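This report refers to the structure that appears directly beneath it.
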Amino acid sequence: MNEPSFARIAGVFFKIGATSFGGGVVAYLRGAIVEQEKWLDDDGFLRVLELSQTLPGLNAVNVAVLTGDELRGWRGAAVAATSLLVPGLALVTLLSFLWGSLQGSAWVTTALAGAAAAAVGLIVATTIQIGRRQLTDPLDLALVVATAVAVGGFGVDLGWVVLGVGGLSILLHRPGSGRRSSERASSRVTPA
Amino acid sequence: MMDEIPKALSLLAAFSMLSVLAVGGGSAVLPEMHKIVVLQHEWLGAQQFKEIYSLGQVAPGPNMTMVAVIGESVAGPFGWLAAVLGFFLPSSLLALAVNRFWHRLESWQWRESIEAGLAPLAIGLMASGAWLLAKLAVEGRVGLLVATFTTGILILYKINPLWLILAGVAAGLLGAF
């Protein structure tokens with residue numbers, strides 16, 4: 001693999017940041033990184049994706065950080081993640097100024113209410129798709145429900161939930177427990 | 001201006017914490033973000049929080065760039081910067097650090113345990129994000145219809161979610177009149 005220039009890395013991630021919509025960013029990333037640029041092969045990308053899902057933070061941003069790091073070290077990571085985020089940050093900021101000047105308009109309120117309702121559907125669908133395995137395994141499902149109820153029902157601080165449920169869950173999936181394959185990454189890299 | 005800097009610093013602290021706790025991505029920390037921004041500090045109203053999240057849905061690129069708008073609304077340009085750096089930098093630094101040694105742990109038995117163990121936590125947190133947003137955002141029969149329709153279509157068909165967000169906008173406009 002030839003070492004790509006920082007400009008090339010910036011260009012590729014900027015383009016994805018500007019043209020991918022609605023949570024499908026990882027699929028676009030795979031297309032560019034594996035198929036067009038051939039920066040990683042399928043296994044390399046899967047490894048990056050699995051680690052991205054395990055780590056906190058946005059999947060797409062983590063994929064950019066890890067891929068950039070593989071290509072050109074920490075500077076590559078910084079260039080990739082920044083380039084991926086800049087178009088969306090610029091556009092959402094611009095939209096917010098428009099929104100600010102239109103605030104109070106019934107049209108804007110109802111339009112955004114419609115977008116919000118659709119966004120609920122998007123999160124629900126993504127949760128079901130990524131969590132197919134966790135939602136069908138009794139023990140995993142119990143952990144999912146415990147997490148959701150602690151946060152959503154009782155308002156337990158997120159830090160305690162991550163430490164408590166996360167720690168307990170890792171112990172329950174300990175080596176030798178026979179409950180270790182997560183099978184998450186492979187299910188969601190197909191482009192929308 | 002003078003009171004914006006302390007606010008921006010609190011934002012930086014709060015969003016940095018959210019960043020490293022965001023197992024399961026952006027929607028996983030929505031309830032905690034709502035708690036901090038709307039309930040504890042009362043920096044924004046629930047309606048504003050909801051509308052900013054909705055704005056973020058029509059922007060391209062990774063989800064959650066809307067944290068910039070939250071920051072800007074709370075504390076101007078300093079707030080913008082604090083929210084963006086706070087939300088995206090700590091998790092990225094952590095990813096970079098972990099990437100340095102995760103390779104070498106290929107044969108470490110607990111590696112898979114951590115991956116499999118954090119999965120249900122991530123799904124549970126995402127579900128709590130959906131729950132919060134549903135409470136805030138699903139209003140009346142039209143809202144329920146739009147949310148259900150969107151879920152169904154996305155599960156059954158591979159379609160760019162942006163079209164469904166725009167369909168939601170259209171339904172909102174039509175339903176209102």
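Chain letters run A, B, ... following the sequence lines, proteins first, then strands; residues in each count from 1. Since this is a predicted model, take the numbers as computed values, not measurements.
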ask   = Where does W99(A) contact chain B at under 4.5 Å (heavy atoms): side chain, backbone, both or neither?
value =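 It is the side chain, since no backbone atom gets that close.
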Region of D137(A) that comes under 4.5 Å of a non-hydrogen atom in chain B =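 Answer is neither: D137(A) stays 4.5 Å or more from chain B.
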remark   = Highest number of heavy-atom pairs under 4.5 Å with chain B among A60(A), A77(A), A111(A) belongs to A111(A)
Region of [X] in contact with chain A, defined by heavy-atom distances below 4.5 Å:
| X | answer |
| --- | --- |
| W163(B) | neither |
| V142(B) | neither |
| F87(B) | side chain |
| L164(B) | backbone |
| L144(B) | neither |
| P62(B) | both |
| S19(B) | backbone |

Min side-chain heavy-atom separation F15(B)-V37(B) under 4.5 Å = yes
inquiry  = Quick one, L102(A) and W107(A) - any side-chain contact, counting heavy atoms below 4.5 Å?
reply    = no
key: E50(A) bridged to R47(A) by N-O distance under 4.0 Å   = no
